[in-house]
Amino acid sequence: MEERYNPREIEAKWQADWEQAHLFQVEDDPARPKYYLLEMFPYPSGKIHMGHVRNYTIGDVVARYKRMQGHNVLHPMGWDAFGMPAENAAIANNSHPAKWTYENIDTMRAQLKRLGFSYDWDREIATCRPDYYRWEQWLFLKMYEKGMAYRKESFVNWCEPCQTVLANEQVEAGMCWRCGKPVAQKKLQQWFFRITDYAQDLLTHCDQLPGWPEKVTTMQKNWIGRSKGAQIEFPVDGSDKVIPVFTTRHDTVYGATFMCLAPEHPLVPELAMGTGQEEAVDEFIQRISRQERTTKAIEDYEKEGVFTGAYCRNPMNGRRMPVYTANFALMEYGTGAVMSVPAHDQRDFDFAKKYGLEIVVVINPEDEALDADAMTEAYTQDGVMAHSAPFDGLPNRQAMEKIADLLEEKKIGRRAVSYRLRDWGISRQRYWGAPIPVVHCPDCGIVPVPEKDLPIVLPEDADLLEGGRSPLPGLESFRKTRCPECGSAAARRETDTMDTFVESSWYFERYCSPHCDTAMFDRKAVKYWMPVDQYIGGVEHAILHLLYSRYFTRVLNDIDLVDFKEPFTRLLTQGMVCKESVTCPEHGFLFPEQVEEGEGGDRCALCAKPISVGRVEKMSKSKRNVVDPNILLDQYGADTTRLFCLFAAPPERDLEWSDQGVEGSARFLNRVWRLVYNWFGQIADAAPYKGSPDKLEGDLRELYKKTHQVIEKVTRDIEDRFHFNTAISAVMELVNLAYNIKLPVKGPDAEGVLRHAAESAVLLLSPIVPHFAEEIWHLLGHQESILLSPWPRHREDALVKDEVTVVVQVNGKLRNRFVVALDTDEQALKQMAVEDEKVGKFIDGKTIRKVIVVPNKLVNIVV
RNA sequence: GCGAGAGUGGCGGAAUUGGUAGACGCACUGGACUUAGGAUCCAGCUCUGGCGACAGAGUGGGAGUUCAAGUCUCCCCUCUCGCACCA
């Protein structure tokens with residue numbers, strides 16, 4: 001055995017060995033309990049970053065642990081390979097998205113292998129390959145057939161810089177989630193998935209996902225955004241049209257004095273026609289559609305609107321209500337129309353004040369009658385009904401029910417539920433995505449591509465156009481086709497591609513049978529492996545990806561391909577990897593190598609100005625605080641990198657990177673190595689002691705007991721909550737104790753006990769630092785891989801403590817402590833405490849009023 | 001504004017059901033071994049007072065429940081994240 005540990009050598013050696021022995025390949029085996037462990041697959045953006053390293057290390061430890069516990073573990077990896085960065089990079093480098101993507105995949109795969117992750121690489125998938133997206137196209141056809149996919153003209157979120165449509169989920173506070181530029185509204189023919197059909201089901205099951213962080217289910221619930229209320233129809237004056245309105249406050253309907261329609265509402269131009277307001281309305285609509293929709297801009301917007309010239313009737317009391325179009329009415333919510341009740345809604349109140357509209361109080365506080373003219377703000381709380389004909393005097397919550405009954409009885413409305421969730425727009429005017437498999441025929445209209453013609457292959461030889469526009473509409477070889485229905489040569493292929501989130505909504509099912517070429521997946525394989533037992537990834541996907549995946553699983557369930565609805569049983573959202581950033585007043589963010597040590601503090605290497613240490617933030621290129629995993633691998637190796645990622649913080653929390661912390665992790669591994677090295681002569685040929693602790697005494701007995709305690713602790717930490725940081729701490733304690741044992745140890749079982757301690761420590765560490773553990777395992781004479789060893793088990797009788805420390809408190813304050821035999825009886829403890837000299841100082845001359853004894857823990861004397 | 005989570009030494013972080021606050025590590029200090037050490041080992045390390053034994057204070061702030069509160073209850077403050085003109 002070498003005195004020093006050489007990561008470079010052993011890591012390469014064992015990686016090659018594992019690969020050759022196909023140790024991570026799995027097969028369906030109904031005889032064994034399955035465990036499907038999945039980490040969110042990466043976008044092949046170039047190279048692995050620390051966030052990936054952390055995510056995949058956490059997953060790998062669980063996978064390796066579960067294998068040792070006897071599970072048949074599916075642990076796959078693949079590439080979310082379609083998407084815009086590939087196009088942008090291709091334009092920038094005068095390359096091709098496919099080339100760029102495949103090269104990145106090669107680079108990143110090599111990096112993942114260098115980190116020693118235990119993936120079944122035979123199951124690797126890349127979503128940009130036709131054998132993958134062909135099944136997505138197949139599913140699209142099924143969904144079209146069932147009416148789950150449809151096409152409609154609608155206002156869509158349009159990102160000008162990206163030249164594409166965005167889903168609502170991809171608009172963050174009015175900005176494009178990718179480029180951060182403002183998103184405009186544009187009217188286009190688009191494909192949609194009817195996710196809103198599942199709004200209630202998705203919402204209901206949010207409360208039936210005990211293995212998910214509450215934070216995530218809460219976010220999903222908010223996103224789905226269910227509101228209970230009523231839909232009420234307001235007839236338009238002098239016309240047979242009605243304006244349906246959704247409201248959560250139908251108790252205030254008698255106070256509705258005007259109506260506001262969204263600027264995009266189809267009735268707006270119609271109502272304005274012939275009223276003389278056409279021009280004003282048109283001008284307003286034009287102006288509003290250009291308004292920025294950023295968070296800040298929205299806050300600053302004044303509520304404004306313009307009279308359409310039309311009136312409608314309040315169906316409850318016949319009041320004539322002017323119809324406005326207003327910037328705060330959103331076409332995307334409810335029916336795009338708001339019944340305005342200025343007395344009881346702040347927004348309506350502001351609007352009414354601005355335009356001199358009538359305010360009618362219909363709810364009063366318990367003990368006063370509001371005066372509409374004197375109000376300075378809307379009264380939005382509960383109270384007693386007024387000016388509401390038959391309901392006056394009733395508490396408003398009661399009236400709400402009665403009004404709903406009346407609406408339904410008179411057939412002018414009904415109880416209704418509204419969701420914030422919109423249908424999922426999946427059309428993208430981009431090149432690097434899966435083609436939507438339909439044909440537009442001048443005679444037959446939209447014709448789905450027949451199944452036998454799949455896949456519709458994305459031509460990988462197309463050149464990108466200026467500004468990133470898709471070449472597909474101009475690519476005759478792709479676009480030109482015959483109508484599958486009538487054979488017309490005038491037919492044209494759909495040139496939109498699908499949102500990349502479609503690919504990631506079912507990849508976990510594909511992993512179950514990645515080479516299946518007769519279906520999306522082999523149903524037996526999916527039945528065996530799915531659902532995913534543990535899913536691990538970043539919170540940034542809490543809404544988009546996770547909601548879409550839940551939706552897709554429901555679709556698959558409805559078309560009878562799977563027999564479950566929820567794809568992920570347990571979810572772990574790991575925190576970000578962060579680091580301090582450093583800024584120079586002149587040069588902005590600095591790289592670490594641009595910092596010079598100087599007298600009185602660090603200085604900028606470029607201008608010698610004193611620098612300031614910034615906040616600890618997520619690693620990012622722009623902050624110049626990234627740590628390149630490659631450098632760590634070169635310097636410390638995979639095991640130290642993995643160890644530090646797990647030790648520095650529990651997985652769900654943000655991890656603050658510390659170069660010295662990495663150093664400490666490397667030091668620990670060396671310490672373990674040296675321990676085995678020091679003991680080697682004694683334990684090389686010994687068999688681990690597995691007997692009762694009662695035959696041992698002294699240091700050996702202590703070490704043996706500690707070993708079992710640590711086995712128990714590590715197992716619990718991993719099993720219950722993935723707290724690897726405390727698991728590692730526990731092994732450190734064991735190692736520290738082992739170092740205190742003076743060599744050579746004498747006694748019949750000495751070698752066996754040392755061997756047991758060393759082997760246990762190595763086994764417990766093996767999921768975390770697999771190469772390191774494997775090397776020691778073999779040095780200790782094992783022939784078979786440590787990966788095939790069962791997880792160590794503790795002995796109950798070794799957890800029993802010989803003696804315990806009992807503390808003595810006086811009035812709850814700690815005064816002394818003594819070590820006594822386990823299970824010393826209460827009377828004896830009490831007596832020892834009261835007679836204790838140190839304790840005496842605090843109770844002398846006082847009356848003892850009560851003594852509380854907690855066996856094996858403490859005595860509290862109340863005086 | 002609404003919703004969720006978090007506040008513990010110089011730092012990252014530990015503390016089963018309320019029962020020894022600060023495990024483990026980093027940094028720092030002292031010592032040992034050394035030609036040397038940025039290797040390794042040993043010791044110290046919450047704050048205040050004291051040479052010391054020891055005493056007092058201490059888990060964002062304030063109240064409360066309890067023999068006993070980091071942990072439970074109420075109020076307040078700060079930070080992070082998510083949603084946000086949602087009718």
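Please read these numbers as outputs of a predicted model, since none were measured by experiment. Sequence lines set the chain letters: A, B, ... in the order given, protein chains first and strands last, and positions in each chain run from 1.
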- Query: Taking only residues two or more places apart in sequence, or in another chain, which ones meet A/Y355 in a ring pair (Phe, Tyr, Trp, His ring centres under 6.0 Å)?
  - Reply: A/Y324, A/F351
- Message: Going by ring pair (Phe, Tyr, Trp, His ring centres under 6.0 Å), name the residues that satisfy it together with A/W679, two or more places apart in sequence or in a different chain.
- Response: none
- Query: Under the side chain to side chain donor-acceptor pair (under 3.5 Å) rule, what pairs show up with a residue in residues 643-654 of chain A, not counting sequence neighbours?
  - Reply: A/E652-A/H723
Taking side-chain contact (heavy atoms from CB on, under 4.5 Å) as the test, write out the residues that go with [X], two or more places apart.
X      : answer
A/T640 : A/Y636, A/V662, A/S665, A/A666, A/L669
A/L814 : A/V807, A/R817
A/E803 : A/V819
A/H794 : A/H708, A/I711, A/E712, A/E796, A/L799

Distance, rounded to the nearest Å, where [X] contributes [atom1] and [N] contributes [atom2]:
X      : N      : atom1 : atom2 : result
A/M219 : B/rC83 : CE    : P     : 6 Å
A/L546 : B/rG82 : CG    : C1'   : 14 Å
A/R849 : B/rU66 : CZ    : P     : 13 Å
A/I543 : B/rC81 : CD1   : C1'   : 11 Å
A/H250 : B/rA87 : NE2   : C1'   : 13 Å

Indicate whether OP1 or OP2 belonging to [N] is found under 4.0 Å from a side-chain N or O atom of [X].
X      : N      : value
A/R226 : B/rC86 : no
A/K850 : B/rC67 : yes
A/K221 : B/rG82 : no

Which of these nucleotides, [options], is closest to any side-chain atom of [X]?
X      : options                : answer
A/Q660 : B/rC85, B/rC26, B/rC24 : B/rC26
A/M732 : B/rA84, B/rU20, B/rC24 : B/rC24
A/R420 : B/rC81, B/rG19, B/rC86 : B/rC86
A/K813 : B/rA57, B/rA87, B/rC85 : B/rA57
A/Q809 : B/rG19, B/rC86, B/rC24 : B/rG19

- Task: Sequence neighbours left out, what passes side chain to side chain donor-acceptor pair (under 3.5 Å) with A/R397? Give chain and number order.
- Result: A/D382
- Query: Counting only distance, no hydrogens or angles, is the base of B/rC67 paired donor-acceptor with the side chain of A/N860 under 3.5 Å?
  - Reply: yes
- Scan for salt bridge (charged side-chain N to carboxylate O under 4.0 Å, His left out) pairs involving residues 339-355 of chain A, sequence neighbours excluded, and state none if there are none. A/E302-A/K354, A/D345-A/R347
- Message: Taking B/rC47 as the reference, what is the distance to B/rU34 when you measure between their P atoms (whole Å, please)?
- Response: 34 Å
- If we take the P atom in both B/rU8 and B/rG62, what is their distance in whole Å? 16 Å
- Message: Within the supplied structure, the quantity of interest is the number of heavy atoms (other residues, nucleotides, ligands) at a distance under 6.0 Å from A/E617 CD; does it exceed 12?
- Response: yes
- Query: Can you give one letter per nucleotide of nucleotides 6-18 of chain B, 5' to 3': B if a protein heavy atom sits under 4.0 Å from the base, S if only from the sugar-phosphate, - if neither?
  - Reply: ------SSSSBB-
- Note on the structure: With B for base contact, S for sugar-phosphate-only contact and - for none (protein heavy atoms under 4.0 Å), nucleotides 31-55 of chain B reads ---------SSS-----------SS
- Query: Under a 4.5 Å cut-off applied to non-hydrogen side-chain atoms, are A/F818 and A/D836 in contact?
  - Reply: yes
- Query: Any luck finding a side-chain donor-acceptor pair between A/R671 and A/N736 under 3.5 Å?
  - Reply: yes
- For RNA chain B, which ranges pair as stems of 3 or more consecutive Watson-Crick or G-U pairs, with both donor-acceptor distances under 3.5 Å? B:1-7 with B:77-83, B:10-12 with B:24-26, B:28-32 with B:40-44, B:46-49 with B:54-57, B:60-64 with B:72-76
